[in-house]
Peer 1: 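Below you'll find the structure I mean.
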Amino acid sequence: QEQLVESGGGSVQAGGSLRLSCAAFGFIYSAYCMAWFRQAPGKEREGVASIGSGAVTSYADSVKGRFTISRDNAKNTLYLEMNSLKSEDTAMYYCAATFPPYESWNSLREYAYNYWGQGTQVTVSS
């Protein structure tokens, strides 16, 4: 059964860093497009970063230059390195996966993803 398990969330002061991880189980991870989404209280879930099966990446404008998405296909694990964190980065962060139509494809659109993790909370205090 397909499963995504996030870890690495926590509380940090503004300007600090965190590294999120997402372990994937039950599907051919290397063939899937992976992404990170986040949802702050009272707001809609938004795409943060995605990485295709061919390692092409996309980022939301709000995190460009601060966040880095990466994948380790040998470990079936997705990462999100978050630096220079701001209070507005506070949210529940979710890992998502979908089988892409072609290798270079990736997306930050929520409806494009089939599998979701339970989320890990990130809280940034100013």
Side-chain angles (χ1 to χ4, degrees):
Q1 180 150 357
E2 301 85 3
Q3 189 176 11
L4 298 171
V5 180
E6 301 96 336
S7 61
S11 296
V12 64
Q13 289 192 331
S17 298
L18 281 174
R19 188 195 198 200
L20 305 183
S21 299
C22 171
F25 305 92
F27 60 96
I28 303 174
Y29 172 79
S30 61
Y32 276 63
C33 179
M34 304 296 297
W36 289 98
F37 288 78
R38 67 185 181 187
Q39 187 168 22
K43 294 187 177 181
E44 293 186 352
R45 189 153 53 182
E46 63 172 350
V48 174
S50 65
I51 183 166
S53 57
V56 174
T57 59
S58 294
Y59 294 92
D61 288 343
S62 59
V63 306
K64 281 181 181 176
R66 301 189 297 121
F67 290 11
T68 302
I69 189 171
S70 61
R71 63 190 300 161
D72 186 333
N73 289 341
K75 295 182 178 180
N76 284 6
T77 302
L78 178 72
Y79 302 100
L80 185 68
E81 186 75 37
M82 304 186 295
N83 298 315
S84 301
L85 282 161
K86 306 175 182 180
S87 57
E88 50 263 44
D89 295 319
T90 295
M92 184 71 78
Y93 282 71
Y94 298 91
C95 172
T98 191
F99 190 78
Y102 48 89
E103 188 179 42
S104 61
W105 183 92
N106 66 60
S107 174
L108 292 176
R109 296 181 178 178
E110 183 179 357
Y111 65 79
Y113 289 83
N114 307 111
Y115 308 139
W116 292 85
Q118 293 300 306
T120 185
Q121 178 67 38
V122 171
T123 302
V124 183
S125 58
S126 56

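Everything numeric here is computed off the predicted structure, so don't read it as measured data.
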Peer 1: Check whether any side-chain heavy atom of Asn114 sits under 4.5 Å from a side-chain heavy atom of Phe99, and report yes or no.
Peer 2: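 Not in contact.
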Peer 1: Closest approach of Ser84 and Ser17, non-hydrogen atoms and distance?
Peer 2: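 Closest pair (atom of Ser84, atom of Ser17, distance): N-OG, 4.4 Å.
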Peer 1: Atom OG1 of Thr57 and atom CZ of Arg71: how far apart are they, to the nearest 0.5 Å?
Peer 2: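 The CZ atom of Arg71 is 11.5 Å from OG1 of Thr57, to the nearest 0.5 Å.
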Peer 1: Taking all heavy atoms of Ala35 and all of Ile69, pick out the closest pair and write down the distance.
Peer 2: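 Result for this residue pair: CA-CD1, 4.3 Å.
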Peer 1: Would you find a donor on one side and an acceptor on the other, under 3.5 Å apart, between the side chain of Glu6 and the backbone of Gly119?
Peer 2: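 Yes, the answer is positive, given that a donor and an acceptor are paired below the 3.5 Å cut-off.
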Peer 1: Closest approach of Tyr93 and Val48, non-hydrogen atoms and distance?
Peer 2: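 Shortest heavy-atom contact: CE2-CG2, 4.3 Å.
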Peer 1: First locate atom SG of Cys22, then atom OH of Tyr29, and finally report the distance between them rounded to the nearest 0.5 Å.
Peer 2: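 Cys22 atom SG to Tyr29 atom OH measures 7.0 Å (nearest 0.5 Å).
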Peer 1: Restricting to non-hydrogen atoms, name the atom on Ala97 and the atom on Met34 that form the minimum distance, rounded to 0.1 Å.
Peer 2: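 Looks like CB-SD, 3.4 Å.
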Peer 1: Specify the closest pair of heavy atoms between Asn106 and Gly52, including all atoms of both residues, with the distance to one decimal.
Peer 2: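 The pair with the smallest heavy-atom distance is CB-N, 3.9 Å.
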Peer 1: In the single-linkage hydrophobic clustering (I, L, V, M, F, W, Y; side-chain heavy atoms under 4.5 Å), do Phe37 and Val63 co-cluster?
Peer 2: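 Phe37 and Val63: separate clusters.
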Peer 1: Any side-chain heavy atom of Leu4 within less than 4.5 Å of one from Trp116?
Peer 2: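 Sidechains of Trp116 and Leu4: no contact.
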Peer 1: Among Leu78, Thr120, Leu80, which residue meets the side-chain contact (heavy atoms from CB on, under 4.5 Å) test with Cys95?
Peer 2: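 Going through the options one by one, the only one that passes is Leu78.
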Peer 1: Check whether any side-chain heavy atom of Val122 lies under 4.5 Å from a side-chain heavy atom of Leu20, and answer yes or no.
Peer 2: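 Contact flag for Val122/Leu20 side chains = yes.
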Peer 1: Do Thr90 and Gln121 come within less than 4.5 Å of each other through their side chains, counting heavy atoms only?
Peer 2: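 Touching, per the 4.5 Å side-chain cut-off.
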Peer 1: So, for Thr77 and Ser21, which heavy atoms are closest and what is the spacing to 0.1 Å?
Peer 2: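 Result for this residue pair: CG2-CB, 4.3 Å.
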Peer 1: Ion pair present between Asp89 and Lys86, side-chain N to carboxylate O less than 4.0 angstrom?
Peer 2: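 Lys86 and Asp89: not salt-bridged.
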Peer 1: So how far is it from Gln39 CD to Glu44 CD, rounded to the nearest 0.5 Å?
Peer 2: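 Gln39 CD to Glu44 CD: 8.5 Å, rounded to 0.5 Å.
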Peer 1: With the side chain counted from C-beta on, respond yes when Cys33 and Tyr113 share a heavy-atom pair under 4.5 Å apart, and no when they do not.
Peer 2: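 Cys33 vs Tyr113: side chains touch.
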Peer 1: Calculate, to the nearest 0.5 Å, the distance between atoms OH and CD belonging to Tyr94 and Glu110 respectively.
Peer 2: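 Atom-to-atom, Tyr94:OH and Glu110:CD are 9.5 Å apart.
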Peer 1: Do Asn76 and Phe25 come close enough that some side-chain heavy atom pair is under 4.5 Å?
Peer 2: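 No, every pair of side-chain atoms sits at 4.5 Å or beyond.
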Peer 1: Without swapping roles, check the side chain of Trp105 against the backbone of Ser53 for a donor-acceptor pair under 3.5 Å.
Peer 2: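 Side chain of Trp105 to backbone of Ser53: no pair is present.
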Peer 1: Given side chains that start at C-beta, do those of Phe67 and Trp36 come closer than 4.5 Å, heavy atoms only?
Peer 2: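 No - every pair of side-chain heavy atoms lies 4.5 Å or more apart.
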Peer 1: Leu18 and side-chain contact (heavy atoms from CB on, under 4.5 Å): which partner among Val124, Leu85, Thr123?
Peer 2: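 With Leu18 as partner, Val124, Leu85, Thr123 yield a single side-chain contact (heavy atoms from CB on, under 4.5 Å), made by Leu85.
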Peer 1: Is the terminal nitrogen or CZ of Arg66 (NZ for Lys, CZ for Arg) located under 6.0 angstrom from the six-membered ring centre of Tyr59 and within 45° of that ring's axis?
Peer 2: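 Judged by the rule (NZ or CZ under 6.0 Å from the ring centre, within 45° of its axis), Arg66 is not positioned above Tyr59.
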Peer 1: Does CD in Gln118 sit with more than 12 non-hydrogen atoms of other residues, nucleotides or ligands closer than 6.0 Å?
Peer 2: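 Open: at most 12 neighbouring heavy atoms sit under 6.0 Å from CD of Gln118.
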